[in-house]
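Throughout, numbering of the chain's residues begins at 1 and tracks the sequence.
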Amino acid sequence: CPGLTAWQALAKLPRLHGEALLITGAGSNVGRFAVQLALRQGARVFASASHRHHGWLMQLGVQGVADYREHDWLAQLQAANGGEPFEGIIDLVSSQQAETLLTALGYYGHMVTVLGRIASNPQPPFSHCHSLHEIALGAQHAFGTDRQWSRLVAAGVAMMAQMASGELGLPPLVIGDFEALPALLYRLKREGQGEKFLVRVA
């Protein structure tokens with residue numbers, strides 16, 4: 001589900017190879033897949049995430065990472081991009097944040113939102129000509145055509161093969177007994193490193 005959400009988000013972007021792409025909330029599971037898929041397509045990726053995620057994001061090949069809790073995080077990433085605007089932004093935080101990031105998009109740039117949508121473009125018409133996209137993987141159940149389902153299934157099969165071969169990295173798995181569930185939930189909320197938690201049920 002996170003992988004196909006990321007795949008859908010990237011499919012909204014017409015140009016990736018060599019282009020600057022900002023991914024916010026990159027420490028999330030959707031973010032982890034979005035970063036890897038974008039890098040595989042040749043994008044120059046910049047990311048916002050908690051500081052605890054910076055190490056593995058840089059190891060993947062992200063060109064600039066900033067902690068979203070710092071007041072100048074966006075300015076840091078713009079500076080890492082040579083002061084140039086981004087070709088695309090995938091926002092995994094909120095529609096409110098996404099709207100504030102529109103000024104960091106260049107002319108004809110693309111904003112993709114996953115958690116909420118920007119209801120209307122605040123930029124003047126016939127100016128920056130931004131394109132606004134929304135992602136809702138579950139909506140495909142109600143509105144997707146057979147052809148669209150075929151494409152999604154093919155994307156899922158390809159991603160599963162990449163996961164099995166190690167080309168596409170999975171979040172670390174943490175397995176615990178059911179009795180440890182409260183501690184695991186606390187760890188997920190307070191100290192999570194992007195892991196996925198599994199609990200054994202007798």
Side-chain angles (χ1 to χ4, degrees), residues 2 5-135 169 171 189-194:
T5 299
W7 177 85
Q8 283 191 332
L10 288 163
K12 294 287 189 179
L13 303 172
R15 295 177 302 277
L16 278 173
H17 188 80
E19 300 291 350
L21 173 65
L22 171 61
I23 300 176
T24 67
S28 66
N29 283 307
V30 175
R32 177 185 290 270
F33 284 110
V35 166
Q36 292 181 85
L37 293 173
L39 290 169
R40 289 176 62 83
Q41 295 182 52
R44 297 184 297 110
V45 178
F46 301 82
S48 74
S50 297
H51 186 74
R52 64 180 182 266
H53 299 299
H54 290 194
W56 63 261
L57 284 167
M58 295 300 287
Q59 286 179 347
L60 287 175
V62 172
Q63 293 192 12
V65 187
D67 192 322
Y68 61 88
R69 287 170 293 200
E70 297 179 6
H71 73 279
D72 63 340
W73 69 267
L74 181 57
Q76 292 178 42
L77 294 177
Q78 288 174 309
N81 190 34
E84 294 292 319
F86 298 102
E87 170 68 19
I89 298 175
I90 297 176
D91 183 81
L92 302 172
V93 178
S94 70
S95 56
Q96 293 78 18
Q97 173 176 277
E99 187 169 332
T100 68
L101 298 177
L102 285 173
T103 56
L105 272 180
Y107 172 70
Y108 257 59
H110 295 262
M111 170 65 72
V112 183
T113 57
V114 175
L115 297 176
R117 65 185 294 189
I118 299 175
S120 61
N121 194 334
Q123 300 287 353
F126 305 108
S127 59
H128 292 88
C129 301
H130 293 158
S131 295
L132 307 180
H133 309 277
E134 60 181 294
I135 300 301
K189 293 292 184 185
R190 301 289 182 195
E191 308 166 8
Q193 301 289 326

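Sequence neighbours left out, the pairs with a member in residues 69-89 that pass ring-ring contact (aromatic ring centres under 6.0 Å, His included) are F46-F86. Legend: salt bridge (charged side-chain N to carboxylate O under 4.0 Å, His left out) pairs involving residues 11-23, not counting sequence neighbours, sorted by first then second residue: R15-E87. The stretch residues 71-80 participates, sequence neighbours left out, in no salt bridge (charged side-chain N to carboxylate O under 4.0 Å, His left out) pair at all.
Under the side chain to side chain donor-acceptor pair (under 3.5 Å) criterion, Q41 pairs with no residue at all, not counting sequence neighbours. In this structure H133 satisfies the side chain to side chain donor-acceptor pair (under 3.5 Å) test together with H110, sequence neighbours excluded. Residues passing the salt bridge (Lys or Arg N to Asp or Glu O under 4.0 Å) test with E134 are R117, sequence neighbours excluded. For D67, the side chain to side chain donor-acceptor pair (under 3.5 Å) partners are R69, not counting sequence neighbours. For S50, the side chain to side chain donor-acceptor pair (under 3.5 Å) criterion is met by Y68, not counting sequence neighbours. In this structure, the side-chain contact (heavy atoms from CB on, under 4.5 Å) partners of A9, at least two apart in sequence or on a different chain, are I90, V112, I135. In this view, F33 satisfies the ring pair (Phe, Tyr, Trp, His ring centres under 6.0 Å) rule with no residue, not counting sequence neighbours. For the side-chain contact (heavy atoms from CB on, under 4.5 Å) test, residues two or more places apart in sequence or in another chain that qualify with S127 are Q123, P124.
Between G25 and S28, the closest heavy-atom pair is O-OG, 2.8 Å. Smallest separation of non-hydrogen atoms from A38 and L21: CB-CD2, 3.6 Å. Nearest approach of L57 to A49, heavy atoms of both residues: CD1-CB, 3.8 Å. Taking all atoms of both residues into account, the shortest heavy-atom contact from L39 to V62 is CD1-N, 4.4 Å.
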Show me, pair by pair, the donor-acceptor contacts under 3.5 angstrom made by side chains of residues 95-107, not counting sequence neighbours?
from: Q97; atom 1: NE2; to: T24; atom 2: OG1; distance (Å): 3.3
from: Q97; atom 1: NE2; to: D91; atom 2: OD1; distance (Å): 2.6
from: T100; atom 1: OG1; to: Q97; atom 2: O; distance (Å): 2.6

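With rounding to the nearest 0.5 angstrom, the CG atom of L16 is 13.5 Å from the CZ atom of R40. Atom OG1 of T5 sits about 10.5 Å away from atom CG of N29, to the nearest 0.5 Å. With rounding to the nearest 0.5 Å, the separation of CD in E70 from OG in S48 is 11.0 Å. Here the CE atom belonging to M111 is positioned 8.0 Å from the OG1 atom belonging to T113, to the nearest 0.5 angstrom.
In this structure, H53 and W56 have perpendicular ring planes: the angle between them is above 60°, well past the 30° mark.
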Report task. Take R44 and N81, measure what side-chain contact (heavy atoms from CB on, under 4.5 Å) needs, and give me the verdict at the end. Result -> CA-CA 9 Å; R44 297 184 297 110; N81 190 34; 3.1 Å; yes
